[in-house]
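To start, the structure itself, in structure tokens.
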Amino acid sequence: MGSIKKALIPTAGLGTRFLPITSSVPKEMLPIVDEPLLLHVVREVAMAGIEDVVLITGRRKTAIEDFFDRHVELEEALERSGKQDLLERLNEIRNMVNIISIRQKQALGLGHAVYMGKPVIGNEPFAVLLGDELMLPPTPETPTVTKQLCDTYEETQISTVAIMEVAKSEVSKYGIIAGKKEDKWIRVHDVVEKPDADQAPSSWALPGRYVFSGEIFSHLENLPPGRNGEIQLTDAMCKLAQDNKLLARFFDGLRYDAGDKLGYLIANIEIGLQHPQIGESLRQYLKQLSGKLK
Ligand code: G1P
């Protein structure tokens, strides 16, 4: 087993891009076919061999913890009606990881959310996954993006983050890094949160997958608010980069920006097409529909 034993997933966000549904349903629980968005992210963690998931949660988010808990009444009903397959599926989810949740009382920014994990994570290396982004392995043999980052960390013992190339018009939506290509990775020397297109140091964007050494916490401590008045994870990453302690790598994976309405629908369609029960019918329907669309 590797040295990365914990993953942190911030889930305290207000989900304003998905209002009104998110006024009572946590964004992380929105379904991708029949599974909540967050389950895909937790599965990515489990497939990297990580067993402890630290959820940074907030008010009105208890549905998330309930999802990973047992539901004895439901289990008994499934048992009685002989729905063994569903029962097994629920058990598999419950046994996938250990959930440790920490309440973030105020949404002060991503950097603040990550810092909330310090009492549980201590000085160990850990992964961070943003739940808006769905990353699926293109083939069953491909390691998950988190596993790819863990592998680089194991090799180098240096914090490593995933990056992707984006169009110039998109840079203002992301944290952007600048760095120098080395053998298998990029040595990061600058990180800027959501720069304007004409100020961006590159078009290498952060899609929300990170592995950090425990050192990130010392940079997050006492970090002043940055862009949008929020405590920014990218500002702490910039400090790691200035000390020559941050690597970035491109990843092999299918990415869906499920935090965006269109991206969310696309993820549902594409994952729906792979679904054993409805995939084929959906394919037929989409063929028919494309004939009708102008
Ligand atoms: C956050 C991060 C940003 C990152 C992005 C990925 O921004 O602050 O650096 O590129 O996630 O989705 P948010 O989209 O939460 O505003």
Side-chain angles (χ1 to χ4, degrees), residues 7-19 22 26-28 30 37-38 40-41 44 55-58 61 104 106-117 127-136 145-146 149 159-179 186 188 190-197 199-212 216 219-220 223-241 246 248-251 253-264 266-267:
L8 180 149
I9 307 178
T11 62
L14 297 174
T16 40
R17 282 195 282 174
F18 271 93
L19 281 170
T22 43
K27 175 180 66 175
E28 295 76 12
L30 295 181
L37 199 49
L38 185 66
H40 289 270
V41 181
E44 180 184 334
L55 293 179
I56 308 299
T57 76
K61 295 276 186 161
Q104 185 189 22
Q106 265 181 298
L108 297 178
L110 181 58
H112 180 254
V114 172
Y115 189 67
M116 297 287 302
V128 175
L129 296 90
L130 303 190
D132 284 353
E133 308 265 352
L134 245 170
M135 304 270 198
L136 300 181
V145 176
T146 293
L149 297 179
S159 299
T160 305
V161 298
I163 48 164
M164 60 184 182
E165 180 97 42
V166 296
K168 202 123 189 93
S169 56
E170 298 270 289
V171 290
S172 60
K173 289 191 194 166
Y174 297 98
I176 301 291
I177 65 127
I186 287 154
V188 182
D190 197 12
V191 190
V192 191
E193 181 68 9
K194 305 194 179 94
D196 294 336
Q199 313 249 304
S202 81
S203 46
W204 290 337
L206 298 163
R209 293 294 184 274
Y210 319 80
V211 166
F212 292 118
I216 191 82
H219 294 303
L220 284 168
L223 193 67
R227 181 117 194 152
N228 298 331
E230 292 176 11
I231 297 173
Q232 296 288 357
L233 180 60
T234 36
D235 289 344
M237 287 166 61
C238 191
K239 293 194 186 295
L240 283 179
L246 186 64
R249 56 170 283 177
F250 292 98
F251 57 91
L254 303 171
R255 167 185 177 259
Y256 303 102
D257 180 8
D260 167 83
K261 290 187 186 75
L262 180 61
Y264 172 76
I266 292 172

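One-based numbering along the sequence shown. Counting starts at 1 for both ligands and their atoms, in listed order. Heavy atoms only: backbone and side chains are in, while hydrogens, waters and symmetry mates are out.
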Can you give me a line-by-line list of nitrogen or oxygen pairs between ligand 1 and the protein shorter than 3.5 Å?
residue: ligand 1; atom: 7 (O); partner: Lys194; partner atom: NZ; Å: 3.2
residue: ligand 1; atom: 8 (O); partner: Glu193; partner atom: OE1; Å: 3.4
residue: ligand 1; atom: 8 (O); partner: Glu193; partner atom: OE2; Å: 2.6
residue: ligand 1; atom: 9 (O); partner: Gly175; partner atom: N; Å: 3.1
residue: ligand 1; atom: 9 (O); partner: Glu193; partner atom: OE1; Å: 2.7
residue: ligand 1; atom: 10 (O); partner: Gly175; partner atom: N; Å: 2.9
residue: ligand 1; atom: 10 (O); partner: Leu206; partner atom: O; Å: 2.6
residue: ligand 1; atom: 12 (O); partner: Glu133; partner atom: OE2; Å: 2.8
residue: ligand 1; atom: 16 (O); partner: Lys194; partner atom: NZ; Å: 2.7

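- For Ser159, the side-chain hydrogen bond (donor to acceptor under 3.5 Å, both in side chains) test picks out no residue, with sequence neighbours left out.
- Among residue pairs with one or both ends in residues 230-239, those qualifying as side-chain hydrogen bond (donor to acceptor under 3.5 Å, both in side chains) are Glu193-Thr234; sequence neighbours excluded.
- Note on Arg255 versus Glu133: salt bridge recorded, some NZ/NE/NH1/NH2 to OD/OE distance being below 4.0 Å.
- Ring pair Phe18/Tyr264: centre-to-centre distance below 6.0 Å.
- Pairs passing the salt bridge (charged side-chain N to carboxylate O under 4.0 Å, His left out) check and including a residue from residues 163-173, sequence neighbours excluded, read Glu170-Lys173.
- When side chains are defined from C-beta on, Thr57 does not count as touching Gln104, because their heavy atoms never get closer than 4.5 Å.
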